Amino acid sequence: VEKDLASFRTRMIRGALDALNARERLIITRRHLAEASATLEALGSELGISKERVRQIESRAMRKLADLVEPQLRKALGSRANGPATPSLT
């Protein structure tokens, strides 16, 4: 069961990241998926934008990810149990 869950999680994350544009994907990957999280300031310098703009792009990308992943989770959880609806992830 753990292997199935890990596989599902990996497929879900990859699919969701593919829906982001290159800059959003870079920011999410470097801020949340890298071993050493990059700062807003470091990413801003690398991309030639302000740290506030990096934060805005990150926020928009996180909303996109939540919008993509939540229905998949609801569907997966609904197929495993007939309990109450799951709470919103946004």
Side-chain angles (χ1 to χ4, degrees):
V1 174
E2 281 186 38
K3 189 175 183 178
D4 290 341
L5 288 174
S7 176
F8 174 74
R9 184 175 41 235
T10 300
R11 284 193 318 270
M12 189 184 317
I13 291 169
R14 284 186 182 153
L17 287 174
D18 287 345
L20 301 178
N21 68 42
R23 188 162 58 171
E24 291 168 337
R25 192 169 37 254
L26 172 76
I27 290 170
I28 294 299
T29 301
R30 297 277 308 282
R31 292 272 297 154
H32 300 283
L33 302 174
E35 282 192 34
S37 179
T39 64
L40 296 173
E41 190 171 359
L43 284 169
S45 293
E46 181 180 330
L47 296 170
I49 57 178
S50 70
K51 65 182 183 180
E52 175 59 21
R53 184 66 185 132
V54 172
R55 188 200 60 73
Q56 292 168 353
I57 293 167
E58 176 185 30
S59 178
R60 183 181 67 215
M62 292 298 277
R63 279 193 308 275
K64 280 185 184 180
L65 290 173
D67 290 346
L68 290 166
V69 170
E70 185 173 354
Q72 294 176 31
L73 283 176
R74 286 185 182 277
K75 183 178 177 181
L77 292 174
S79 67
R80 292 177 184 251
N82 292 326
T86 57
S88 175
L89 299 176
T90 56

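Not measured: the values here are computed from a predicted model.
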Considering the options Ile27, Leu65, Asn21, which one meets the side-chain contact (heavy atoms from CB on, under 4.5 Å) requirement together with Arg60?
Asn21

Please name the pair of heavy atoms, one in Leu40 and one in Glu58, separated by the smallest distance, quoted to 0.1 Å.
CD2-OE1, 3.8 Å

Should Ile28 and Leu47 be counted in the same cluster of Ile, Leu, Val, Met, Phe, Trp and Tyr side chains packed under 4.5 Å apart?
no

Are Met62 and Val69 connected into the same hydrophobic cluster when the rule is that any two of I, L, V, M, F, W, Y join if their side-chain heavy atoms are below 4.5 Å apart?
no

Please answer: with hydrophobic residues joined when any side-chain heavy atoms are less than 4.5 Å apart, are Leu26 and Val54 in the same cluster?
yes

Nearest atoms (heavy-atom pairs only) where Ala66 meets Pro71
O-CD, 4.3 Å

Leu43 side, atom CG; Lys51 side, atom NZ - distance, nearest 0.5 Å:
12.5 Å

When rounded to the nearest 0.5 Å, the distance separating CZ of Arg25 from CD1 of Ile57 is 13.5 Å

Please find the pair of heavy atoms, one from Ala61 and one from Glu24, that lie closest to each other, and give the distance.
CB-CB, 3.8 Å

Compare every heavy atom of Ala34 with every heavy atom of Arg30, then report the nearest pair and how far apart it is.
O-CB, 3.8 Å

Lys/Arg-Asp/Glu bridge criterion (N-O < 4.0 Å) met for Glu52, Arg55:
yes

Do other residues, nucleotides or ligands put more than 12 heavy atoms under 6.0 Å from the CD atom of Gln56?
yes

Stepwise side chain to side chain contact (heavy atoms under 4.5 Å, CB included) test for Met12 and Leu68:
CA-CA 9 Å; Met12 189 184 317; Leu68 290 166; over 6 Å; no

